[in-house]
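Chain naming here is simple, since letters A, B, ... match the order of the sequence lines and numbering starts at 1 in each.
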Amino acid sequence: MSAPAQTRIIFKHIDETGYTNDIECYLRNGGYEVLKKAVGMKPEDLREEVKKAGLRGRGGAGFPCGFKWSLVDRKSGKPIYLIVNADESEPGTFKDRYIIHQDPHQLIEGIMISCFANDVKQAYIYIRGEMPEGARILEKAIAEAKAKNFVGPNILGTGYSCEIYVHRGAGAYICGEETGLIESLEGKRANPRIKPPYFPAVLGLYQCPTIVNNVETLCHVKHIVDMTGEAYAKIGTPNNTGTRIFCVSGHVQRPGYYEFPAGTITMGQLLNDVCGGPLPGRTFKAVIPGGSSAKVLRFGERYKGKRKVGAEMVEYDWGVEDVPMDFDSLAMIGSMGGSGGVIVMDDSVNMVEALANINAFYQHESCGQCTPCREGSLWMKKITTRMVHGDARPQDGALLKSVADQIPGRTICAFGEACSWPTQSFYLKFKDEFDGYSEQKKTLPADRLTIV
Amino acid sequence: MNLKPETTARIDEVITHYPVKRSATLPLLHLIQEDVGHISDEAITWIAQKLELQPINVLEVVTFYPMFRRHPIGRRHIKVCRTLSCALRGGYKTCDTFKSEFGVELGAVSADGEATVEFVECLASCGTAPVVMIDEVLHENVDCAKAKALADQIKSEAAARK
């Protein structure tokens, strides 16, 4: 079966000839009409639409957005903040970059609708430090929107006022974790906060109720309000509604970003039909389906079990190629949809070396406050680096596993899981390569690509 | 602190974005680093005073975030992405090309003061790997030939200035 056609909602205008990122172009394309509609509705009705839509967060966790909003403490009398998580930094993920650079007003309209729906008077866009141009584009777009009365005091004559400021990070991955991000926005080290009690919806920025949403999630809000939650929920599959953007990188013919109704495309269709298959003379070996912390899938392995289709339980027997690319199916086979970052590795890659690359990333990015994560990520990096560049021992794989198994569940934030899942899954699925690496290393081509 | 007038003006403006002054720590560090080139002890004390903090509150932030640096670097800052998607497409070779073109080790300043080459973590442009940021500009699909061309361009711009 060949792949379905792309349905571009969020990326409708990305790479469109003649489409520019200024407000005039956005207005010519129907821009800010949905905001005009939204401010005529009751905030609680807007929130209800987002709930009905079944929108799940696009940052990585896939947490239902409407439910997140319903947790906000609206009785405390404290101001409610909205923070846009534009700290796109999960390796393999590169979707928000294009929204920010090419269609910033779509994001700003989504922010303003979300702010109005939640009675937010102040929003911050936390953009990663490595996107200085993106920060300038957003600042210009906010100024343009302010001049047209879409942002700022007394928006569209409704008496509702809301400001947006851009806040730049400075190269720390952990700022993508929402409580780390909040600490960073408060001017501190981005050490994530312990939950409970610091659920952002209750005790977030400046100990006030705070909503943290991903860039793409907020763009979806605009389209939900435009088409109604009910109509949006019809896109995709039940519980995985709307479209998903897949960012494909690594060893395929056509890496890039592709938007499809959620759950309607399989891994095989995405990699073979959409991305053109493996590079000449190569075959696929492994794929990480949802950003580098997602558990790796090995081509050739089978996933069997029962799943719910409609009201019935149906048996499934899938190879990697058959897995539908939605949150639930990927979770069912032991990995995750995460941020939609799909990293593909072909048979030229040695998995010990690929893991060594990933381990170096997580060791560099651990914030350091929890011992299992700080020491564990460093230890795992030291082992895999030594295996590649020094002496590899047959028992190294088992040692790696023992370290990785002691991190998840023992840390303040999900980074503990993120840094151990690659090691756990690489070792589980490529045990032969880890246990045999000390011998195999002698026969690997000396001129192979260095990846660590 | 000897800052450009526009830097001072932007500092005073950005502090107004937050109900709590401390939140302006990162923005101030960015503005000062863009103006001066690095974060000196003097800058740390100055920011602390400006935001009514202790110097340690600023120093601990500087040492946490990879983008802030305590020492001057070369005139041009070449940041090559090291992470998996770029590595799978030859990022390590790209980095080696820049190192040999400027005759430097990672993080050091070239003898002529022109370039500093750094290996950084994911720049979020994995679909056009390998990627390199030179100062504030992202360059995509930088294979060795393109790396060499970019290095040549930097060298010719440096020669034109002399």
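- Of the two parts of A:L205, neither the backbone nor the side chain holds a non-hydrogen atom closer than 4.5 Å to a non-hydrogen atom of chain B.
- Only the side chain of A:Y206 comes within contact range of chain B, with heavy atoms under 4.5 Å apart.
- Comparing A:E88, A:M345, A:R97 by heavy-atom pairs within less than 4.5 Å of chain B, the highest count is held by A:R97.
- Proximity to chain A involves both the backbone and the side chain of B:L84, based on heavy atoms less than 4.5 angstrom apart.
- Under a 4.0 Å N-O distance rule, the pair B:E101/B:K155 qualifies as a salt bridge.
- Salt-bridge check for B:R75 with B:E157: failed, with every basic side-chain N at 4.0 Å or more from each acidic carboxylate O.
- Comparing A:G256, A:S292, A:C367 by heavy-atom pairs within less than 4.5 Å of chain B, the highest count is held by A:C367.
- Of all residues spanning residues 86-98 of chain B, those with a heavy atom less than 4.5 Å away from chain A's heavy atoms are B:A87, B:L88, B:R89, B:G90, B:Y92, B:K93, arranged by number.
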Inset, instruction - Test A:K146 against A:E163 for salt bridge (Lys or Arg N to Asp or Glu O under 4.0 Å), laying out the working first. - result: CA-CA 9 Å; A:K146 255 183 120 157; A:E163 293 287 344; 2.8 Å; yes
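- For A:L449, the part lying under 4.5 angstrom from a heavy atom of chain B is the side chain only.
- Taking the six-membered ring where tryptophan is involved, the planes of A:Y165 and B:H17 are essentially parallel, since the angle between them stays under 30° and well short of 60°.
- In this structure, chain B has a heavy atom under 4.5 Å from the side chain of A:V349, while its backbone stays farther away.
- Per-residue heavy-atom pair counts under 4.5 Å with chain A were compared for B:N57, B:V120, B:L51, B:T63, and the maximum is reached by B:T63.
- Most heavy-atom pairs under 4.5 Å with chain B, from the set A:A190, A:G341, A:C247, A:S89: that is A:A190.
- Annotation: maximal heavy-atom pairing with chain A below 4.5 Å, among B:T83, B:T25, B:V137, B:T128, occurs at B:T83.
- Note: B:P66 leads B:A129, B:C81, B:P66 in heavy-atom pairs under 4.5 Å with chain A.
- For chain A, the nearby part of B:E34 is the side chain; its heavy atoms alone come within less than 4.5 Å.
- The side chain to side chain contact (heavy atoms under 4.5 Å, CB included) with B:E136 is formed by just one residue from the set A:E133, A:E130, A:R136; it is A:R136.
- Residues A:E183 and A:R189 are not paired through a salt bridge, judged by the lack of any N-O separation under 4.0 Å between the basic side chain and the carboxylate.
- Aromatic ring centroids of A:F415 and A:Y173 lie under 6.0 Å apart.
- Of the residues considered (A:G169, A:S348, A:P79), A:G169 shows the highest number of contacts with chain B, using heavy-atom pairs under 4.5 Å.
- Salt bridge status for A:D347 with A:R282: present, with a side-chain N to carboxylate O gap under 4.0 Å.
- Ring-centre distance between A:Y124 and B:Y18: below the 6.0 Å cut-off.
- For the side-chain hydrogen bond (donor to acceptor under 3.5 Å, both in side chains) criterion with B:E118, the lone passing option out of B:K79, B:H77, B:R69 is B:H77.
- Among the candidates A:D96, A:V344, A:T450, A:I358, the residue making the largest number of heavy-atom pairs closer than 4.5 Å to chain B is A:T450.
- Of all the listed residues (A:D346, A:I174, A:V252), the one sharing the greatest number of non-hydrogen pairs under 4.5 Å with chain B is A:V252.
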Inset, instruction - For A:I125 and A:I142, run side chain to side chain contact (heavy atoms under 4.5 Å, CB included): C-alpha distance rounded to whole Å, both residues' side-chain angles, the deciding distance at 0.1 Å, then the answer. - result: CA-CA 11 Å; A:I125 304 176; A:I142 292 165; 4.2 Å; yes
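- In the displayed structure, B:R10 atom CZ is contacted under 6.0 Å by at most 12 heavy atoms of other residues, nucleotides or ligands.
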